[in-house]
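Written below as structure tokens is the structure these notes are about.
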Amino acid sequence: AQAALAAQRARLDAVFRTVPVGLVIAEAPSGRIVSGNPQTELILGHPVLPSANVEAYGEWRARHPDGRRLGAFEYPLARALREKRLTPVEEYLYDRPDGTRGWIRLQAAPIIDGDGAVTAAVVAVVDIDGQKRAEGALRVAEERYRLAARATKDAIWDWDVAAGTVGWNEAVQDLFGYP
């Protein structure tokens, strides 16, 4: 039984270290951070902060999308401990020590024992900075296209295969004489 338990523990440790998502675990009820995996450190750009309690989460550098800093009790990990339920997926900005700011996605869940008591909580940290930057670049490119299509005297049709729609600019109407 001891050997099986040791093998299971080794497998769980290997998963924790290698999963391609940042993970941070806090004990209940204090919220003291007890563990964080290497992926969290890669995403945030610094070692996991050894927060002694939920109040210390204010040392982390997350921001709401509008730029406001998260309060200690706003962090999903704190809410999962307090509310004893899975938090929704939320996106935040994170100030890294190198001066860059990147997008992260967080979701936390309480860890509940066989008696229904919350013993800890875990938060998943996903780096979505590349995705958010690509979405922003796509929005800029689409807006430039719309401006160019409106400004030109050339007739332009576009066909959105996925949506099954056809669109055109005002020059098409001028060319054919009807909308």
Carboxylate-amine/guanidinium proximity below 4.0 Å for Glu90 and Arg79: yes

Joint cluster assignment, Phe73 & Leu106, ILVMFWY side-chain distance < 4.5 Å: yes

Check against side-chain contact (heavy atoms from CB on, under 4.5 Å), Leu86 and Gln107: CA-CA 8 Å; Leu86 180 71; Gln107 186 173 28; 3.6 Å; yes

Contacts of Arg69 that satisfy salt bridge (charged side-chain N to carboxylate O under 4.0 Å, His left out) - sequence neighbours left out: none

Check: Asp115 side chain, Ala117 main-chain N or O, donor-acceptor pair, under 3.5 Å: no

Donor-acceptor pair, side chain of Asn37 and main chain of Leu23, under 3.5 angstrom: yes

Pair Asp98 + Arg96, salt bridge at N-O below 4.0 Å: no

Cluster overlap Ile25 with Leu81, hydrophobic side-chain contacts below 4.5 Å: no

Any donor-acceptor pair under 3.5 Å from Glu135 side chain to Lys132 backbone: no

Donor-acceptor side-chain pairing of Glu55 and Tyr57 below 3.5 angstrom: no

Pairwise distance CD1(Ile104) to CD(Glu91) - rounded to 0.5 angstrom: 10.0 Å

Rounded distance [0.5 Å steps], CG in Asp174 versus NZ in Lys153: 7.0 Å

Main-chain N/O of Asn53 paired with Ser30 side-chain donor or acceptor, under 3.5 Å: no

Pairwise distance OG1(Thr40) to CZ(Phe16) - rounded to 0.5 angstrom: 6.5 Å

In one Ile/Leu/Val/Met/Phe/Trp/Tyr side-chain cluster, 4.5 Å: Val118, Val54: yes

side-chain hydrogen bond (donor to acceptor under 3.5 Å, both in side chains) evaluation trace for Ser51 with Trp60: CA-CA 9 Å; Ser51 306; Trp60 294 79; 2.9 Å; yes

Worked check of side-chain contact (heavy atoms from CB on, under 4.5 Å) between Asn169 and Thr152: CA-CA 9 Å; Asn169 67 352; Thr152 187; 3.6 Å; yes

Salt-bridge present (Arg17, Asp13; N to O < 4.0 Å): no

Under 3.5 Å donor-acceptor, Thr18 side chain and Ala14 backbone: yes

Glu142 and Arg139 ion-paired at < 4.0 Å: no

Interatomic spacing from CG in Asp129 to CH2 in Trp103 - rounded to 0.5 Å: 9.0 Å

Donor-acceptor contact present, side-chain Tyr92 to main-chain Leu70, <3.5 Å: no

CG on Asp127 to CG on Leu44, rounded to 0.5 Å: 9.0 Å

